[in-house]
Amino acid sequence: MTLAAPPPARKPSSPEPPEAARLTAALLGWYDRHRRVLPWRAPTGVTADPYAVWLSEIMLQQTTVKAVVPYFQAFTTAFPTVRDLAAADLDAVLRLWAGLGYYARARNLHACAKCVVDRHGGVFPTTVDALRALPGIGDYTANAIAAIAFDVPVVPIDGNVERVLTRLHALEEELPGAKPRLRALADTLEPADRAGDLAQALMDLGATICTPKSPACVLCPWAEPCAARRRGDAETFPRKASKKEGRLRRGAAFVAVRPDGAVLVRTRPEKGLLGGMTEVPTTEWTTTFAERSARDHAPALGVARKDWRRVPGVVTHVFTHFPLELLVFVAQLAAGVDAPAGSRWVARGDVAGEALPNVMRKVLEHAGIDTKPGAPSMKRAAPNQPRPSSRISKPKRSPR
DNA sequence: CAGCCGTGGCC
DNA sequence: TGGCCAAGGCT
């Protein structure tokens with residue numbers, strides 16, 4: 001991780017360095033001046049901690065640096081080593097992950113920690129293939145960890161690298177079909193000397209200069225060789241096949257509250273949407289939801305159909321592949337009502353500590369229940385529990 | 001291999 | 001405001 005050495009003096013007859021070597025050198029020189037300081041990133045000249053690299057890479061999958069930072073701090077505080085993480089309960093991991101999304105990542109994170117301890121003696125393997133074999137680590141992450149933590153001379157390809165390289169070469173081929181060609185282009189770079197720095201330099205370039213919308217080409221170390229900049233349409237790369245949008249699904253959520261403030265919840269199935277996370281009982285979420293019969297699906301608590309009071313307005317939420325609209329019904333229960341099979345009561349002060357996905361935070365807030373940590377409970381919630389974006393629809397009034 | 005998986009921020 | 005996007009992996 002030394003600063004780039006000045007180019008060796010060459011005799012007049014020496015050939016120019018190959019194009020790839022010049023590209024790599026220009027990028028690394030820029031990185032040495034403009035690298036971002038990030039919690040998981042070692043100072044210049046210091047080897048990064050593989051545990052920190054792995055944890056950050058998993059969190060950063062399809063997730064912004066800004067969103068990740070507080071979660072990374074919370075995890076390294078709660079689990080300073082991979083052994084601590086492996087020894088933790090999955091539920092504790094999910095609670096700490098709540099709000100970050102893509103919850104299969106948290107389950108795989110926990111499984112991966114166990115594998116590292118059980119199969120590798122608590123030490124991360126150093127080869128791409130061995131890393132690739134671990135849960136939650138795919139092609140990109142295996143190459144990224146190998147390069148960043150162990151300086152294996154490989155170039156990981158993520159969304160940033162795709163964008164940077166398709167622009168550099170003005171590659172017209174659409175993604176994802178163009179992936180093999182991108183791999184070939186990435187392999188023309190020269191990671192041999194500083195693989196970790198090169199990988200992070202590509203990502204920093206993509207995140208700060210070669211951005212999706214308004215790339216700052218004037219500041220770019222690759223401005224001169226960039227084919228897309230020369231054409232003047234860098235922001236139109238990469239080319240992508242259009243994806244179809246999901247249809248609106250609707251449903252109803254049921255918030256049952258005891259006199260002491262306890263709320264009825266259940267745990268979602270391990271796999272699939274919001275797997276393993278906490279929710280209030282709901283109907284199925286369908287494109288053909290019938291509001292009239294919604295109350296028929298309320299949990300069996302011995303309350304009259306009419307005692308499920310509809311909270312005006314709706315909760316809206318957009319998942320990756322479909323938008324969701326939930327009606328919210330609230331019922332005030334008598335003390336001592338048993339929770340139906342498969343569900344449980346959660347004390348008012350413990351709601352914030354549950355593994356609540358944001359859509360459920362919205363539902364509870366819509367029903368007037370505080371999901372923020374710190375209320376009348378001794379129990380600690382995730383220290384970084386983000387608020388649900390309070391974009392709950394106002395009650396709809398029919399125009400007159 | 002294309003569909004499934006969250007969430008927050010941006011313009 | 002809503003459509004798009006972010007350091008992808010799994011099936």
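Computed from a prediction, not measured in an experiment: that's the story for all the values here. Below, chain A is the first sequence line, B the second, and so on; all start at residue 1.
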What interatomic distance, in whole Å, is found between P of C:dA7 and the corresponding atom of B:dC11?
15 Å

Distance in angstrom units between A:W285 CH2 and B:dG6 P, rounded
9 Å

When you measure from the side-chain N and O atoms of A:R163 to the phosphate of C:dA6, is any distance below 4.0 Å, counting only OP1 and OP2?
yes

Counting the atoms with a prime plus P, OP1 and OP2 as sugar-phosphate, which does A:P176 contact under 4.0 Å by heavy atoms, base, sugar-phosphate, or nothing?
nothing

For A:R361, is there an ion pair with A:D370 - N to carboxylate O distance below 4.0 angstrom?
no

Atom P, compared across C:dC4 and B:dG3: separation rounded to whole Å:
16 Å

Taking the side chain of A:Y102 as heavy atoms from C-beta outward, which of B:dG6, C:dG9, B:dG8 is closest to it?
B:dG6

Sugar-phosphate, base or nothing in reach of A:S214, heavy atoms under 4.0 Å
nothing

Does a side-chain N or O of A:Q62 approach OP1 or OP2 of C:dA6 to a distance below 4.0 Å, or not?
no

Considering only atom C1', compute the distance from B:dC1 to C:dA6 and round it to an integer number of Å.
23 Å

First locate atom CG of A:L27, then atom CD of A:E190, and finally report the distance between them rounded to the nearest 0.5 Å.
12.5 Å

Comparing A:L134 with A:M203, nearest DNA chain C nucleotide closer to 5' gives the residue A:M203

Nearest-nucleotide 5' precedence on DNA chain B, A:K66 against A:L273:
A:L273

Please classify the nucleic acid contact of A:R36 as base, sugar-phosphate, or nothing, using heavy-atom distances under 4.0 Å.
base

Please work out if A:V65 contacts a base, only the sugar-phosphate, or nothing of the nucleic acid, heavy-atom cut-off 4.0 Å.
base

Taking atom CZ as the centre, does A:R181 end up with more than 12 heavy-atom neighbours from other residues, nucleotides or ligands that are less than 6.0 angstrom away?
no

Salt bridge or not between A:R266 and A:E279? Use side-chain N to carboxylate O under 4.0 Å.
yes

Select one nucleotide: of C:dC10, B:dG6, C:dA7, the one nearest the side-chain heavy atoms of A:H317.
B:dG6

Round to a whole Å and report the spacing from CG of A:L109 to P of C:dG9.
13 Å

Any N or O donor-acceptor pair under 3.5 Å from the base of C:dG9 to the side chain of A:T141?
no

On a whole-Å scale, what distance lies between the P atoms belonging to B:dG6 and C:dT11?
14 Å

Under 6.0 Å from the CD atom of A:Q73, do we count more than 12 heavy atoms belonging to anything else shown?
yes

From the set B:dG6, C:dA7, B:dC4, return the single nucleotide nearest to any side-chain atom of A:L274.
B:dG6

With a 4.0 Å cut-off on heavy atoms, is A:G272 in touch with a base, just the backbone sugar-phosphate, or nothing at all?
sugar-phosphate

A:F254 vs A:F329 aromatic rings, parallel, tilted or perpendicular, using cut-offs 30° and 60°?
parallel

What contact category does A:L38 fall into here, base, sugar-phosphate, or nothing, at under 4.0 angstrom with non-hydrogen atoms?
base

So A:V161, base contact, sugar-phosphate only, or nothing? Heavy-atom distance under 4.0 Å.
nothing

Spacing of A:L60 atom CG relative to C:dG9 atom C1', expressed in whole Å:
15 Å

Of all the nucleotides listed (C:dA6, B:dC11, C:dA7), which has the minimum atom distance to the side chain of A:K213?
B:dC11

note: A:Y103, atom OH; C:dG8, atom P; distance rounded to Å ~ 17 Å

Rounded to whole Å, how long is the line connecting atom CG of A:L356 with atom P of B:dT7?
10 Å

Nearest to the side chain of A:K271, which nucleotide is it out of C:dT11, C:dC10, C:dA7?
C:dT11

Heavy atoms from C-beta onward define the side chain here; which of B:dG6, C:dA7, C:dC5 lies closest to that of A:P212?
C:dC5

Parallel, tilted or perpendicular, as decided by the 30° and 60° cut-offs, for the rings of A:F322 and A:W285
tilted

Starting at atom CG of A:L202, determine the distance to atom C1' of C:dA6, rounded to an integer number of angstrom.
16 Å

Whole-Å distance between B:dT7 C1' and A:M59 CE?
14 Å

Whole-Å distance between C:dC5 C1' and A:N160 CG?
11 Å

So does A:T320 reach the base of B:dG6 with its side chain, donor to acceptor, closer than 3.5 Å?
yes

OP1 or OP2 of B:dC5 under 4.0 Å from side-chain N/O of A:H321
yes

